[in-house]
Amino acid sequence: MTESQHRAAAGKPPVKRGGGDPGSRGRTTIADGVVEKIAGLAARDVLGVHAMGSGLARTFGAVRDRVPGGSRSAPATRGVKAEVGEVQTALDLEIVVDYGVAIADVARAVRENVIAAVERMTGLEVVEVNIAVSDVQLPEEEDEAAEAAEAAEADGADGAGAPEPRLR
């Protein structure tokens, strides 16, 4: 039997310790990077968003990703900048859209998805989501990228690429 139950059985009122809601005892802070990851993933979920970040940022990111130990920032945050306060946040997103989509519709859907995800997961009020469309992915560019990726895989598969590291 707990102390509260003993006191209730003896006819005494239960003792409250600390007072108030446990959820209000202390402060929770959320880092900018956390909000950036949530927003980046939510934006990528929208149909018509090809990638995040400018062409130059994506190129440098791809190079960093291929260098061992070179990737310092997670791809989830690429193209996202957040300013987080105690109860509010503002976001800047840079996106690349697929050719043929209505950019205004994609931007609206990105805003809605990002706001819903960030507010639901963090409890912060999203005061603005600024979207910069930095590029349009053309169908032929996608074919060229797929061919380059296949060629790189083939080089690695037939032994003509970099040697595999040996484990000890």
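If you're wondering where the values come from, they're calculated on a predicted model, not measured in any experiment.
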Inter-residue atom distance Leu124.CG - Ile115.CD1, 0.5 Å rounding: 13.0 Å
Side-chain donor/acceptor of Arg78 to backbone N/O of Ser54, under 3.5 Å: no
Side-chain donor/acceptor of Glu36 to backbone N/O of Thr77, under 3.5 Å: no
Minimal non-hydrogen separation, Ala42 against Asn113, with atom names: O-ND2, 2.7 Å
Heavy-atom pair of closest approach, residues Ser134 and Glu94: CB-OE2, 3.2 Å
Leu41 reachable from Val96 in the ILVMFWY side-chain graph, under 4.5 Å edges: no
Criterion side chain to side chain contact (heavy atoms under 4.5 Å, CB included) on Leu91 and Asn130, from CA distance to verdict: CA-CA 6 Å; Leu91 295 152; Asn130 299 311; over 6 Å; no
Flag side-chain contact, heavy atom, 4.5 Å: Lys37 against Met121: no
side-chain contact (heavy atoms from CB on, under 4.5 Å) partner of Val49, the single match among Asp98, Val101, Val110, Ile131: Val110
Closest heavy-atom pair and its distance - Thr122, Ile38: CG2-CD1, 3.8 Å
Qualifying salt bridge (Lys or Arg N to Asp or Glu O under 4.0 Å) pairs with a residue from residues 113-133, counting only residues at least two apart or across chains: none
Heavy-atom pair of closest approach, residues Tyr99 and Val136: CA-CG1, 3.5 Å
Joint hydrophobic cluster, Val114 plus Val127, side-chain heavy atoms closer than 4.5 Å: no
Residues forming a salt bridge (charged side-chain N to carboxylate O under 4.0 Å, His left out) with Asp32, sequence neighbours excluded: none
Side chain Thr89, main chain Glu83, donor-acceptor under 3.5 Å: yes
Residues that Asp45 engages under side-chain hydrogen bond (donor to acceptor under 3.5 Å, both in side chains), provided they are two or more places apart: none
Side-chain touch Met52/Val80, heavy atoms, less than 4.5 angstrom: yes
